[in-house]
Amino acid sequence: MDLLNALVAFLNFVVVPATAYGAQLALGALGVTLIYGILRFSNFAHGDTMALGTTAAILMTWGLQAAGISFGPLPTALLALPFAIAVTALVVLGTDRVVYRFYRKRKVSPSILVIVSLGVMFVMNGVTRFIIGVQDQSFADGERFLVTARGFRDATGLAEGLAIRTTQVVTVVVAVIAVALLFWFLNRTRTGKSMRAYSDNEDLALLSGINPERVVAVTWIITAALATTAGVLYGLDKSFNPFTYFQLLLPIFASAIVGGLGNPLGAIVGGFVIAFSEVTVTYAWKKVLTYILPDSLAPTELVQLMSTDYKFAVSFAILILVLLFMPTGLFKGKSV
Amino acid sequence: EEVKIGIILGFTGPLESITPGMAAGAELAMKEVTDSGKFMDGSSVVPVRADSTCVDAAAATAAAERLVTSDGIKAIMGSDCSGVTGAILQNVARPNGIAMISPSATSPGLSTAEDDGLFFRTAPSDARQGVVMTDILMDKDIKTVAVTYTNNDYGKGLADSFQAAFEAAGGTVTISAAHEDNKADYSAEVGALAAAGGDVLVVAGYTDKGGKGIIQASLDSGAFDTFVLPDGMVGQQLVDDIGDGLTGSFGQYPGTDSEGAEIFQGMATAAGFEGTGAFAPESYDAAALIMLAMAAAGSTDSKDWAPKVMDLANAPGEPILPGELGKALDLIAQGVEIDYIGATAVELIGPGESAGNYREIEIKDGVIETVRFR
Amino acid sequence: MNGRNFMLFALVGLLFAVTGFLQSWNLSLSILQMALVSAIMALGVNIQWGYAGLFNVGVMGFAALGGLAVVLTASAPEPEAWRAGGPGILLALVLGAVTVTAAVQVYKRMAPGLARMVLLLGVLIGGFFLFRAVLDPNVAAVEAINPSVSGNLGGLGLPVVLAWPAGGLLAAAAAWVIGKTALGLRSDYLAIATLGIAEIVIAVMKNEDWLARGVKNVIGLPRPVPYEVNLQRDPGFLDWAQGWGFDPVTASSVLVKLSYCGLFLVVLLAIVWLSEMALRSPWGRMMRAIRDNEVAAEAMGKDVTRRHLQIFILGSAVIGIAGAMMTTLDGQLTPGTYQPLRFTFLIWVMVIVGGSGNNWGAVLGGFLIWWLWVMVEPLGLALIAGITSGMAEGSWLKSHLQDASAHMRLLTMGVILLLVLRFSPRGLIPEK
Amino acid sequence: MIVVDGLHKHFGGFHAVDGASLSIAERSITGLIGPNGAGKTTLFNVIAGRLKPTSGRVSMAGEDITGLTPHELFHKGLLRTFQIAHEFGSMSCLENLMTVPGAQLGETLWNAWFRRGAVAAEEARLRDKAQEVLKFLTIDHLADQKASQISGGQKKLLELGRTMMVDAKIVFLDEVGAGVNRTLLNTIGDAIIRLNEERGYTFCVIEHDMDFIGRLCNPVICMAEGKVLAEGTVEDVKNDERVIEAYLGTGLKNKVKAEVAHA
Amino acid sequence: MAEPFLIGDAMTGGYGGADILHGCTIAVEKGEIAVIVGPNGAGKSTAMKAVFGMLNLRAGQVRLAGVDITALSPQDRVAQGMAFVPQTANIFTSMTVEENLEMGAFLRRDDISGTMAQVYDLFPILKEKRRQPAGELSGGQRQQVAVGRALMTRPQVLMLDEPTAGVSPIVMDELFDRIIEVARTGISILMVEQNARQALEIADKGYVLVQGANRFTDTGKALMADPEVRRSFLGG
Ligand SMILES: Nc1ncnc2c1ncn2[C@@H]1O[C@H](COP(=O)(O)OP(=O)(O)OP(=O)(O)O)[C@@H](O)[C@H]1O
Ligand SMILES: Nc1ncnc2c1ncn2[C@@H]1O[C@H](COP(=O)(O)OP(=O)(O)OP(=O)(O)O)[C@@H](O)[C@H]1O
Ligand SMILES: [Mg+2]
Ligand SMILES: [Mg+2]
C-alpha cells in the first residue's frame with residue numbers, strides 16, 4: 001500500500017493536465033460566451049480568431065527573439081501578447097465593420113449570423129494559413145517546467161513523478177483573473193451594464209441613449225483579447241497548428257454550453273467539466289490501484305470504464321446528461 | 001508537347017501539413033525529367049495539382065474527375081489517404097482507364113481492391129512494417145510495450161499487424177489505444193498509456209499531428225522516455241520540435257542502404273523544401289516511375305504504360321537513383337533494362353506495392369542516425 | 001415558382017452547362033450527382049429547421065448512419081463471423097437496451113430521493129458491466145475472423161437500392177432515441193447536443209470493427225448501376241457507342257453518371273413533392289405556428305413535443321436516405337471521412353444560402369454550394385496564378401502565395417458565402 | 001365548472017399564489033381583479049397547465065385536471081388568452097385564426113398527402129369562419145397582414161379572436177381590455193355576453209377596468225398577495241374596504257379636485 | 001401662435017410598405033400634457049415612434065424647441081432630453097429592476113439616487129423587487145418599471161405609449177397624479193392612452209387620430225364634452 005504514490009500518479013496524470021486543459025478551454029469559451037451573450041449568435045469563427053491572434057503573437061515573438069529580447073523565465077510570447085491583441089482587435093473590428101454590421105442593421109435572425117460567422121471562419125482560416133502556413137509551430141521559450149517529473153522524484157524519493165509546466169500555471173491564473181474581471185466589468189461598470197442592456201433589448205437600449213456601435217466595438221475588443229490570450233497560452237503549452245485550432249472550436253463550444261451560454265462563470269466551470277470528463281472517465285485505474293491494493297489483489301487488467309477511443313463520446317454524453325437535467329446549462333444561460 | 005500528370009493530395013484537411021512536401025517531391029521529379037529534354041521527344045511534363053481533402057471522398061472524386069476529363073491528365077500521382085484513394089480508384093481511375101501511383105496509401109485493404117492493373121503504391125503495406133518493428137524490439141530485448149496509433153486505416157492497420165507479430169514473438173502489448181489527430185489535448189490517452197505501462201511506447205502516428213502531441217505529453221509527465229517511431233513519425237521536424245527528450249528513441253522507415261535517400265535530401269534542400277518529410281521521397285519515386293514507364297512504353301496512355309511499372313521498379317537492370325532520371329531516359333531509349341531504386345529503394349511486389357525494405361534509425365543528439373538496414 | 005426563382009435555377013443550371021462545355025460533361029455530371037445528394041440532405045435539414053426551428057447540427061451522424069445501412073443491407077454476409085459471435089452481440093445489445101429502459105423506468109416511477117439514486121446507479125452500473133461482459137468476448141471472436149479483409153459481421157447481401165430506405169429507417173430510429181432525450185432542449189443547446197451525438201455515432205463507427213470494420217473501411221460496395229469497365233467490355237454497348245460516334249470510355253462513364261443522376265433525381269423529386277404538400281397543408285401551418293410561438297401553440301391544443309419528435313424523425317430520415325445514397329455513390333464506407341465541416345456545416349450553408357423554410361431554396365442551395373465547393377478549388381488556383389503572374393520569378397512573395405494557394409479553397413468559399421448572404425440576407429429564395 | 005382548492009405556486013421563496021381556493025360556476029362570467037402582482041396571471045397559468053402548482057388541486061367539471069398539459073386542456077374545452085399577446089408572428093392574421101381548431105384533418109401528414117380533397121373542403125370552412133371572426137373584431141382588413149406587424153391593440157383582438165374559433169367550454173381572458181379602444185371594448189363585452197348566453201361558454205375574466213367588470217361580471221373575485229381577498233357581486237366587492245385599500249383606491253378625481261381647491 | 005416646444009409636423013411615413021401616417025401633426029407645449037387617443041391601429045404608436053426618430057418619415061418634420069431634429073437618431077434625441085416608453089417590449093427582462101432604472105439614467109452623470117428614491121416612492125412594489133429580474137414581474141409591475149425607467153432620465157419631454165395598460169386602478173391614479181406633478185415642473189408630456197377619459201381629464205390638449213390623420217384636436221375638456229368623440233372613441 002502506497003497512498004502517496006497513488007495520489008501523485010493521480011495528480012500527475014489526471015488533475016494537473018485536466019486543470020490546465022480546462023483552463024485553456026475556459027478561456028476560449030469565455031470569448032464564445034461573450035459574443036453569444038451580447039451579440040446573440042454562436043461565433044464559429046472563434047477558433048480561427050484564436051489562430052489568427054496566435055499567428056500575430058508568433059510573428060512578434062520571432063521578432064523579439066531575433067532582437068534578443070526575452071522575458072526571463074517566462075515565455076517571450078507573453079511580451080508579444082499586447083501587440084497581438086491589438087492586431088486581432090483591429091482585425092475583428094474590421095470584420096465587424098465589413099461583415100457583421102450589415103446584418104445587425106437589418107436585424108437578421110441569429111441563424112443567419114451563425115452562417116455568416118461560418119463564412120468569416122473560412123476566410124480567416126485561409127488568411128491564417130496564407131500568413132504562417134499549415135505546419136506546426138513551436139514558439140515556447142523560457143523555463144518550460146516549474147516542477148519536472150524527474151526533479152520531483154529526486155526531491156521526494158517517490159516512485160511517481162509530478163510535472164507542472166509554467167504555461168499550465170499561467171493559464172489557470174489568467175483564466176481565473178479573466179473571469180473575475182469580466183464579471184466585475186459586466187455587472188458593475190456602466191459600460192458593462194450597457195452591454196447587457198443592449199443584449200437584452202436592442203431597441204430599448206437605443207432609447208436609453210446607449211450607443212450600440214460602442215457596445216459592439218467593446219464586445220469585439222474584449223473578445224479579441226480573450227481569443228488571443230487563449231490561443232497564445234494554448235500554443236505555448238501544446239503547439240500552434242491552424243487545423244488544431246479550428247478543431248478546438250468543438251470542445252470550446254461544448255464548454256460554453258454546458259456552463260450556460262452567455263454566462264462567464266458558466267464558461268469557466270464548463271471548461272473544467274469537459275476537460276475533467278475527458279480525462280477521468282477513460283482513465284485506467286490500474287496504476288493507482290496497484291499502489292493502493294495489497295499485491296495479491298493488484299489488477300492485471302487496465303481497470304478502465306471505457307477505452308480512450310470514446311473520450312469525446314464520453315464528454316459529450318456527460319454534456320447531454322447535464323443539459324437534460326439543466327436545459328440551459330449549469331449556470332442558467334440564455335437561449336435565443 | 002505537354003504531358004500532364006495529376007498530383008491529387010490533401011492540400012487542405014487533416015494531412016495538410018505534410019502534403020506540400022509530398023507535392024514538392026513529385027514536382028521535383030517532373031522538373032528533372034522536363035529539364036532533361038529527353039522525355040518523349042522533348043515533351044515537357046506539367047504537374048496539375050488538385051485537392052483530395054484527405055477526408056471527403058466526393059470532393060476528391062470530383063477533383064480527380066476534373067483533372068482526368070477536363071485537364072486531360074495522363075496519370076495520377078496520388079492520392080494520400082487510403083479512403084479517398086480507394087474512391088478515386090473506383091470512381092475515376094478505373095472507369096476512365098487512368099493509372100495511379102499512390103505514395104502513401106498504406107492500407108492493406110487496397111492490396112485486394114479491384115484495380116484492373118491500374119493501381120500501384122510506392123509505400124509498403126503496413127503488414128510488413130509490423131514484422132520489422134518486432135525484430136528491432138526483440139533485438140533490443142524489449143518485451144513489453146504500450147502502443148498508440150492514429151485512428152485511421154494506416155494507424156490501425158499498423159498497430160494490428162505489429163501487435164500480431166510482437167505477440168507471436170513472445171512480447172506483450174500492455175495497451176493499444178487509438179488517438180485522433182489534431183485534437184486539443186492528449187492527457188487522457190497519456191494517462192491510460194502510463195497506467196498500462198511498458199518499457200517503451202510505440203507511436204504509430206504522424207510527426208506533427210497526434211503522434212507528436214502524445215510524445216510531448218508523455219515526456220512532460222514522465223510517463224515514457226523512449227519511443228518507437230514507425231515511418232509516419234520519422235522526420236527531422238519532430239526531432240527539432242521535441243529536442244533532447246527524443247534522444248535514445250528509435251524506429252524504422254522504408255529505405256535501403258542505397259544512397260538514394262541522401263541524394264534526394266540534398267536535392268530537396270537545394271529545391272527549398274524538407275526532404276525528410278513524411279512520404280516526400282515516396283512521392284518523388286511515384287512521379288518518377290510514372291514518367292519512366294511512359295517513356296518505356298513510348299506512350300502516355302495508361303493502358304500502355306501501366307504494365308511497365310513493375311518491370312522498371314524491380315531488378316534486374318541498371319540501378320537508377322534520384323537525380324538520374326535523365327540517365328534513365330537515355331538508357332530506356334537505348335533499350336537497356338533499368339532497375340529504379342529512387343529515394344526509397346523501390347521494390348514492387350504482388351499487386352503493385354512496395355516490398356518494404358526498412359532503415360532502422362536511432363535519434364542521437366538531435367539527429368536521426370541510421371543504425372542498419374532490414 | 002415565380003420568375004425570379006426560375007431565373008436562379010436557370011443560372012445554376014447554366015453553371016453546370018458551362019462546366020460541361022468548357023471542361024467536361026463527365027465532370028459536370030459528377031458534380032451533379034453529389035449536388036443531388038446534397039440537395040436531399042439540405043431538404044432534410046430544412047424540414048427540421050425551416051419548418052420547426054429545430055437546430056440539428058448532427059447531420060453528419062445521420063448521414064453516417066445511412067452509410068452504415070448500406071454496409072448492413074448490401075454487403076456480402078460473413079456467415080463464419082456470424083456463427084462466431086453474432087447472436088452474442090445481439091444479446092449484448094438487447095441487454096444494453098433493457099438496462100437503459102429499466103433505468104428510465106426507475107427514474108420515472110420512483111419518488112426523488114436517495115433510494116432512487118442508489119437504485120438508478122445500481123441498475124446502470126450493473127447493466128453496464130453485464131453488457132460489457134457479454135459484448136467483449138463476442139466482439140473479439142468476430143473481429144478475429146479474417147481481420148485484414150473482413151473481421152465484421154457483414155451485411156444481408158440485398159440489392160443496394162434497398163439500403164436507401166434502410167438508411168432512412170436507421171436514421172429515423174436513431175432520431176427517435178435522440179428526440180426522446182434531447183428535444184426538450186432549446187436552439188443552441190439542442191445544437192450542441194446533436195453535434196455531440198453525431199460525434200458519438202462516428203466514434204462508434206470508427207471503433208466498433210465488428211460492425212463495419214471501423215477505420216479499416218469497407219470498400220467495394222455493390223452498385224445499382226453497371227460498372228464502366230463492364231460496359232466497356234460489352235459488345236452491345238460498344239456497338240451502340242460506335243453507332244453514335246461516341247468514345248466508349250467517355251460514353252460509358254457518362255452513361256453511368258446519368259443513371260445515378262436519374263435515380264437520385266427521382267428520390268429528390270419525390271421528397272420535394274411530399275414536403276411541399278406537407279408544408280402547404282394545415283400540417284405545415286401548425287408547424288409554423290409551433291416555430292413562431294410554442295407557448296401559444298401549446299395553448300391552442302398543439303402537442304408541441306410530439307410534433308417536434310415527428311419532424312425530427314422525418315428530417316433525419318431524409319438525411320439518412322441521402323447518406324445511404326452517398327455511400328452507394330462512393331462505393332465505400334470510410335468512417336474517417338465524416339467531418340462536421342463537410343457533412344454538417346456545409347449542408348447548413350446550403351440551407352441558409354438557399355433560403356431556409358423554402359424547399360426550393362434548399363434544393364437550389366444544395367446545387368449551388370456543392371458546385372462551388374468543388375469548383376472554388378480550381379478557381380482559387382486560377383486566381384492566385386493571376387495575381388502572381390505579374391510578380392518576378394522566384395520572388396519570396398510569389399512562392400509563398402503559390403505554396404498557400406490550396407487554401408484559397410476555403411477563403412474563396414468564405415468570400416462567396418459572404419457575398420451571397422450580403423446581397424440576399426434571407427437566402428436566395430426566401431420563405432414567403 | 002372549475003374548482004381550485006388550496007393552490008400554491010412558489011417561485012423560489014416567493015409565494016405568488018398562496019393557498020387560493022375559489023370556484024367558477026358553470027355558465028357564469030366570473031371577474032378576477034386584484035392589485036398588480038396579486039397572482040392572477042400565475043393562477044391562470046397554473047389552471048391552464050402552463051405552470052405546475054407547488055401544491056393544491058384544480059378540477060374541471062368534477063375531474064381532476066391538475067398537472068395536465070395545455071394542449072390536453074385545450075381539447076377538454078379550456079381556452080385562454082395571454083396578457084402579453086402571443087401571436088404567431090410570421091403568419092397572417094387569417095392563418096393565426098385558422099390554426100386554432102384542434103384535430104384538423106389536414107394536421108395529419110397522411111391526409112395532407114393523400115386526402116387533399118377532404119382537407120381542402122375543411123380549409124374552406126375554416127377560412128370562412130376566420131373571416132367572420134376578423135370582421136367581428138373590426139380587423140378584417142388585416143386578414144393578410146403578418147401578425148407581427150399589427151398594432152398592440154390589434155394583437156389583443158387577435159388573441160381574443162382565437163377563442164371564438166372553436167366551441168369552448170370555458171375561456172380564461174387575461175386583460176383583453178388593456179390597450180383596446182374603449183368603444184371596441186364595449187362591443188367585445190357584448191360579444192362575451194352573447195357567447196355566454198347563446199352558446200353557454202363559461203368565462204373567467206381578469207381586468208383592471210372596473211366599468212367593464214361591472215357591466216359583465218357576476219360574481220367578482222378579488223385576489224391580493226396570492227390569496228382570495230373578497231368575493232361577491234360587483235357592488236359588494238367595490239364597497240369592500242380591503243378591496244378599496246389594496247386595489248381601487250379613492251379615485252383620481254377627488255385628489256385632483258382637492259388639489260385644485262387648495263390652490 | 002408661437003412654436004410649441006415639441007412638434008411632429010405634418011408627418012407622413014410608415015414601416016416600409018404603405019404609409020401609416022398621413023400628414024399627422026402632434027405637438028406639446030412646455031410643461032403641458034398632450035394626450036393622443038384613437039381606435040386600435042389608428043397609428044398612435046407609429047406617430048410616437050416617428051416623433052422619436054424610430055421611423056423614416058417621407059414628409060414632415062420634427063422640431064424640438066424650434067430646432068429641426070428630423071435627422072437625429074433616437075439615442076441623440078435622448079441626449080437632447082427626450083424620453084420614451086414604448087407600448088411593448090419596454091423593459092430589460094434579464095436585468096434586475098434596479099438595473100433597469102439605472103439604464104434609464106444611462107446618460108446622466110450626476111447622482112441618481114434621489115430620482116431613484118422618488119421612483120420607488122411612486123411605485124413601492126418596485127423597491128421590494130429591486131433585485132429581481134424584471135422579466136419575472138407581473139404585467140402591471142413591468143409597466144411600472146417601464147415608466148420608472150423613463151422618469152429616471154429626467155427628461156424635458158416625456159413620451160408615454162399607454163403607460164396605464166394593465167395597471168391597477170390605485171396605481172393608475174397615482175401615476176396620473178405623478179404625471180401632473182411632473183408636468184408642473186416644466187416637463188412636457190406626450191402620451192397615448194386608451195383609458196381616455198381619465199387621461200383627457202388631465203390633458204391640456206387632446207388629439208384624436210384616425211387612420212393616420214388628425215380627426216379632432218382640442219383641449220382635453222372640450223373633447224370629453226364632444227358627444228361624437230365620446231361615442232366613437234371613448235366608449236360612450
Ligand atoms: N417566474 C417568476 N419568478 C419569480 N417571480 C415571479 C415569476 N412570475 C411571477 N412572479 C411574481 O409573482 C407575482 C404574481 O405575478 P402575476 O403575474 O400572477 O400577477 P398578476 O396578478 O397577474 O398582476 P398584473 O395585474 O400586474 O398582471 C408577482 O409579484 C411576480 O413578481
Ligand atoms: N412593424 C410594423 N410593420 C408594418 N405595419 C405595422 C407595423 N406595426 C404596426 N403596423 C400597422 O400600422 C398601423 C398603425 O399601428 P400603430 O401601432 O401605430 O397603431 P396604434 O394606433 O398604436 O394602435 P393600438 O391602440 O392598437 O396600439 C396598424 O394598422 C398596423 O397594422
Ligand atoms: Mg397579470
Ligand atoms: Mg399602439
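Here is how names work: the chains are called A, B, and so on, in the same order as the sequence lines, proteins then strands, and each is numbered from 1.
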When rounded to the nearest 0.5 Å, the distance separating CD1 of C:I31 from OG1 of B:T61 is 11.5 Å

C:W370 versus chain B, the contacting section by heavy-atom distance below 4.5 Å: side chain

Mark yes when over 12 heavy atoms from residues, nucleotides or ligands other than B:K183 sit less than 6.0 Å from its NZ; otherwise mark no. yes

Only pairs of heavy atoms separated by less than 4.5 Å count here; which of B:A57, B:C54, B:A58, B:A23 has the most with chain C? B:A58

Do we see a donor-acceptor contact under 3.5 Å between the side chains of B:S70 and C:S24? no

C:K216, C:R342, C:Q339, C:M375: which one forms the most heavy-atom pairs within less than 4.5 Å of chain B? C:R342

Point-to-point distance, once rounded to the nearest 0.5 Å, from CG of B:N151 to NZ of C:K206: 5.5 Å

Need one label for B:E180: side chain, backbone, both or neither, based on atoms under 4.5 Å from any heavy atom in chain C. side chain

Closest heavy-atom pair and its distance - B:N96, C:N26: OD1-ND2, 4.2 Å

What one should report as the nearest heavy-atom pair of B:D153 and C:N217 is OD2-ND2, 3.4 Å

Side-chain (C:Q332) to main-chain (B:G83) donor-acceptor, under 3.5 angstrom: yes

Would you say that more than 12 heavy atoms from the other residues, nucleotides or ligands in this model lie under 6.0 Å from the CD of B:E167, or not? yes

If the contact rule is any heavy atom under 4.5 Å from chain B, which residues of residues 218-228 of chain C qualify, in numerical order? C:I219, C:R223, C:E228

For the residue pair B:V68 and C:L27, establish whether any side-chain heavy-atom pair is separated by less than 4.5 Å. no

Quick check for you: among C:L333, C:D330, C:V374, which has the greatest number of heavy-atom pairs under 4.5 Å with chain B? C:D330

Where C:W373 and B:A59 come nearest, the two heavy atoms and their spacing: NE1-CB, 4.1 Å

Under 4.5 Å to a heavy atom of chain B? For C:N230 that would be neither

Report the distance from atom OG1 of B:T69 to atom CG of C:L29, rounding to the nearest 0.5 Å. 9.5 Å

State, with a plain yes or no, whether a side-chain heavy atom of B:E65 is found less than 4.5 Å away from one of C:Q33. no

Distance-only, no hydrogens or angles: does the C:Q232 side chain make a donor-acceptor pair with backbone N or O of B:P95 under 3.5 Å? yes

Using non-hydrogen atoms and a 4.5 Å limit, figure out which bit of C:L329 sits close to chain B: side chain, backbone, both or neither. backbone

B:T53 portion near chain C, given a 4.5 angstrom heavy-atom threshold: side chain

Could you check if a side-chain atom of C:T334 sits within less than 4.5 angstrom of a side-chain atom of B:V84, using non-hydrogen atoms only? no

Rounded to the nearest 0.5 Å, the NZ atom of B:K156 sits from the CZ atom of C:R213 at a distance of 10.5 Å

